[in-house]
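Before any comments, here is the structure.
If you're wondering where the values come from, they're calculated on a predicted model, not measured in any experiment.
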Amino acid sequence: MSGGLDALDLSGDWDHDRIMAEVEKMFAMGETSPRAARDPINQPMINNWTEAIGETDPRYASSADGGAGIAPPAMAQVWTMYGLDPTRPADDPLHGTMQIFDAAGFSSVLGTNCDQTYLRDVRVGEHVSITTKLESVVGPKVTGVGEGYFVSTLNTWWVGDGADREAVATMLFRVLKFKPAARKPAEAKIDRTKLVRPQMNRDTQYFWDGTAVGELRIQKCNACGELRHPPGPMCPSCHAHDRGYVVATGKGTVFSFLVHHAPYLPGKELPATLALIELEEGLRMIGEVQGGRETITVGSPVQVVFEKIDDSLTLAQWEVIA
Ligand code: ZN
C-alpha cells in the first residue's frame with residue numbers, strides 16, 4: 001500500500017474538484033488486505049445474538065441441542081466488528097473517505113442503504129476475515145438534510161486465505177456524507193403548553209397537586225414510614241397500600257446528567273439538560289435543569305423551581321445553585 005491514509009493532506013480549502021481528486025486516491029488503494037475477525041465463529045456469540053434478535057431457528061442452537069453448527073447469515077458483520085479501540089487500518093478507504101469529507105465540511109453522516117448477500121453458511125470454528133473497497137462516490141446532491149455525497153463501500157467476508165480463500169458474504173454499504181443545513185436564525189418562541197404531558201393518575205396526583213402549590217412531595221408509606229419515588233400503589237418494603245407524602249426540602253445534588261440535542265421535543269428548548277437528582281431525603285428523581293447548564297457537573301448542588309405551564313400542569317425543575 002503506497003502511503004495509505006498517512007499520505008492524506010486534509011489542510012486548506014476544499015471544492016468539488018479537490019474532493020474528487022482525493023477520493024480518486026481512495027479508489028486507487030483498491031481492496032484492503034484481509035483483516036481477521038477477533039474470534040472464530042463461536043456458539044456463545046451466536047447464542048447472544050439469536051437471543052437479542054429473537055431468532056429461534058433450531059439450526060442455530062448449539063450442537064448439543066441439535067443445532068446444525070452454523071451461524072445465522074445476518075451475523076456476517078458481527079464477527080469482524082471493530083472493538084472499542086478507535087484506531088483503524090491505514091489502508092481502510094472508507095475511513096479515509098470519511099476524513100476527506102469531514103475536512104471539506106461534509107461532517108454529518110446518515111446511513112442510507114445496506115445490501116447483504118450470503119454466499120454460503122459459515123460454520124462454528126471457521127475464522128472469517130473481511131476486506132473493504134470503495135465502490136462509488138456520487139455527488140454533490142441536494143437532499144432533505146443538506147447537500148452531500150453518497151459514499152458506497154463493498155465489504156467481503158472470506159474464509160481461508162490466499163488462492164484457497166472463499167467469499168462467504170458481501171455487503172454493499174452506502175452512507176450520505178452531508179453538510180448539515182444551517183440553523184434557522186430566529187427560532188420562533190417555544191410554546192411550552194405543547195409539552196408532552198406527564199402521566200397523572202391516582203398514584204401520582206398528590207405529586208402534581210404539590211407542584212401546583214410550590215411543594216415537592218415524596219410518597220411515604222403510612223405503615224412503615226419508608227419514602228419512595230417514583231410513586232406506586234404499594235410499599236416495596238412492607239407491601240402496605242396505605243400511603244401519604246412528605247414535603248421535601250427541594251435541595252439535592254446532581255447524581256448524573258445528559259444534554260439532549262436531538263430529536264426535537266415539543267415545547268422544549270434544545271439543548272435540554274436532564275439530570276438524575278439525589279434529594280437530601282436520599283431518593284433520586286429525574287428532572288430538567290434550567291439555570292447553570294453551562295457549569296453543571298456531577299455533584300452540583302441544585303434547588304427545585306416550579307414552572308407553571310397552564311392550569312393543569314406545573315413542572316418541578318432544577319437550578320444549579322452556587
Ligand atoms: Zn411500608
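With rounding to the nearest 0.5 Å, the separation of CG in N113 from CZ in F173 is 9.5 Å.
There is a path of hydrophobic side-chain contacts, each under 4.5 Å, that joins I19 to L10.
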Under 3.5 Å donor-acceptor pairs involving side-chain atoms of residues 224-232, not counting sequence neighbours:
| residue | atom | partner | partner atom | Å |
| --- | --- | --- | --- | --- |
| R228 | NE | Q219 | OE1 | 3.0 |
| R228 | NH2 | Q219 | OE1 | 3.4 |
| R228 | NH2 | G232 | O | 2.9 |

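Within the structure, the ring pair (Phe, Tyr, Trp, His ring centres under 6.0 Å) test picks out the following pairs touching residues 13-36 (sequence neighbours left out): H16-Y149. For residues 162-172, the set of pairs meeting the side-chain hydrogen bond (donor to acceptor under 3.5 Å, both in side chains) definition, not counting sequence neighbours, comprises R120-E166. Evaluation of the salt bridge (charged side-chain N to carboxylate O under 4.0 Å, His left out) test over residues 93-112, restricted to residues two or more places apart or in two chains, returns D102-K177.
In the hydrophobic clustering (ILVMFWY side chains linked at under 4.5 Å, chained through shared members), L265 stands by itself. Hydrophobic cluster membership of F255, counting Ile, Leu, Val, Met, Phe, Trp and Tyr whose side-chain heavy atoms lie under 4.5 Å apart directly or via other members: L276, I286. The other residues sharing a hydrophobic cluster with L274 are L258, where clustering joins ILVMFWY side chains under 4.5 Å apart. In the hydrophobic clustering, Y118 connects to no other residue, as no ILVMFWY side-chain heavy atoms lie under 4.5 Å from its own.
Figure legend: K220 and Y245 shown without cation-pi pairing, the cationic atom not lying both under 6.0 angstrom from the six-membered ring centre and within 45 degrees of its axis.
The shortest distance between side-chain heavy atoms of M285 and L216 falls below 4.5 Å. Within the 4.5 Å cutoff, the side chain of I190 has no heavy atoms near those of the K268 side chain.
A donor-acceptor pair under 3.5 Å is absent between the side-chain atoms of E51 and the main chain of I46, judged by distance alone. Here the side chain of N155 pairs no donor or acceptor atom with the backbone of I130 at under 3.5 angstrom. Formation of a donor-acceptor pair under 3.5 Å by the R18 side chain with backbone atoms of D13 is found in this model.
At a threshold of 4.0 Å, the pair D203-R243 counts as salt-bridged, since one of the basic side-chain nitrogens sits closer than that to a carboxylate oxygen.
Applying the side chain to side chain donor-acceptor pair (under 3.5 Å) test to W158 and every residue at least two apart in sequence or in another chain returns T131. Residues satisfying the side chain to side chain donor-acceptor pair (under 3.5 Å) test with S312, not counting sequence neighbours, are R197, D310. Applying the side chain to side chain donor-acceptor pair (under 3.5 Å) rule to T273 yields the partners R293; only residues at least two apart in sequence or on another chain are considered. Residues satisfying the side chain to side chain donor-acceptor pair (under 3.5 Å) test with N48, not counting sequence neighbours, are none.
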Take S11 and D9, measure what side-chain hydrogen bond (donor to acceptor under 3.5 Å, both in side chains) needs, and give me the verdict at the end.
-> CA-CA 6 Å; S11 59; D9 176 14; 2.8 Å; yes
